[in-house]
Colleague: 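One structure, as structure tokens, below. Some questions next.
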Amino acid sequence: MAKHRKTWTTSEKLEVINYFEKNGPTKASREYGVSAASIYKWKAAYDKDGKSGLLSTTKKSPESEDLKRLKRENDELKKIVAEKELRLRIQEEMLKKSR
């Protein structure tokens, strides 16, 4: 049987991080029932972006999904432009050689 995963709120994550800083990863992991890897990930996110860094690991917002989609679309468009630029250069070279 699969266990249900707990969804941690920002304040809970902050509490775990504070406990981790005082008592270390092993005690924090056992006390709160969260893996040390998750605690380190939360700590890194908190150190990088503050409280807002903990939000991004809690839920995926629709904005982040849109951003990912736009980045993929942008990469595809860049590839198309690069291919067209390459074709144009090849055609120019062929024209120079035929003259």
Colleague: Quick one: does Glu93's side chain have a donor or acceptor within less than 3.5 Å of a partner on Ile90's backbone?
Modeller: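 Flag not set: sc Glu93 to bb Ile90 has no pair under 3.5 Å.
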
Colleague: Nearest heavy-atom pair of Glu12 and Thr7: which atoms, and what distance?
Modeller: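 Nearest pair, atom of Glu12 first, then Thr7: OE1-O, 3.9 Å.
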
Colleague: I need the full list of salt bridge (charged side-chain N to carboxylate O under 4.0 Å, His left out) pairs touching residues 70-80, with sequence neighbours left out, sorted by first then second residue.
Modeller: Arg69-Glu73, Glu76-Lys79

Colleague: How would you list, by chain and number, every residue that makes a side chain to side chain donor-acceptor pair (under 3.5 Å) with Asn74, sequence neighbours excluded?
Modeller: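 Side chain to side chain donor-acceptor pair (under 3.5 Å) check on Asn74 returns nothing, list empty.
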
Colleague: Going by the side chain to side chain contact (heavy atoms under 4.5 Å, CB included) test, name the single residue among Ile39, Leu54, Asn18 that passes it with Lys13.
Modeller: Leu54

Colleague: Is there a side-chain contact (heavy atoms from CB on, under 4.5 Å) between Val16 and Trp8? Walk through the geometry before answering.
Modeller: CA-CA 10 Å; Val16 173; Trp8 296 85; 4.0 Å; yes

Colleague: Around atom CZ of Phe20, are there more than 12 heavy atoms of other residues, nucleotides or ligands at under 6.0 Å?
Modeller: yes

Colleague: Restricting to non-hydrogen atoms, name the atom on Gly53 and the atom on Ala45 that form the minimum distance, rounded to 0.1 Å.
Modeller: O-CB, 3.6 Å

Colleague: Which residues pass the side chain to side chain donor-acceptor pair (under 3.5 Å) test with Thr26, not counting sequence neighbours?
Modeller: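 With neighbours one apart ignored, the set is empty.
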
Colleague: For residues 28-35, tabulate all N or O donor-acceptor pairs below 3.5 Å that involve a side-chain atom, not counting sequence neighbours.
Modeller:
residue, atom, partner, partner atom, Å
Ser29, OG, Val34, O, 2.6
Tyr32, OH, Glu15, OE2, 3.1
Ser35, OG, Ser38, N, 3.1
Ser35, OG, Ser38, OG, 3.0

Colleague: With side-chain contact (heavy atoms from CB on, under 4.5 Å) as the criterion, how do Leu88 and Gln91 come out once you've worked through the C-alpha distance, each side chain's angles and the decisive distance to 0.1 Å?
Modeller: CA-CA 5 Å; Leu88 285 173; Gln91 287 175 350; 3.9 Å; yes

Colleague: Considering residues at least two apart in sequence or located in another chain, which fulfil the side chain to side chain donor-acceptor pair (under 3.5 Å) criterion with Glu85?
Modeller: Arg89

Colleague: Could you pull out the closest heavy-atom pair between Ser52 and Asp49, with the gap in Å?
Modeller: OG-O, 2.8 Å

Colleague: Out of curiosity, Lys27 NZ to Lys22 NZ, how far, rounded to the nearest 0.5 Å?
Modeller: 13.0 Å

Colleague: Suppose clustering is done on Ile, Leu, Val, Met, Phe, Trp and Tyr with side-chain heavy atoms closer than 4.5 Å. Which residues sit in the same group as Leu95?
Modeller: none

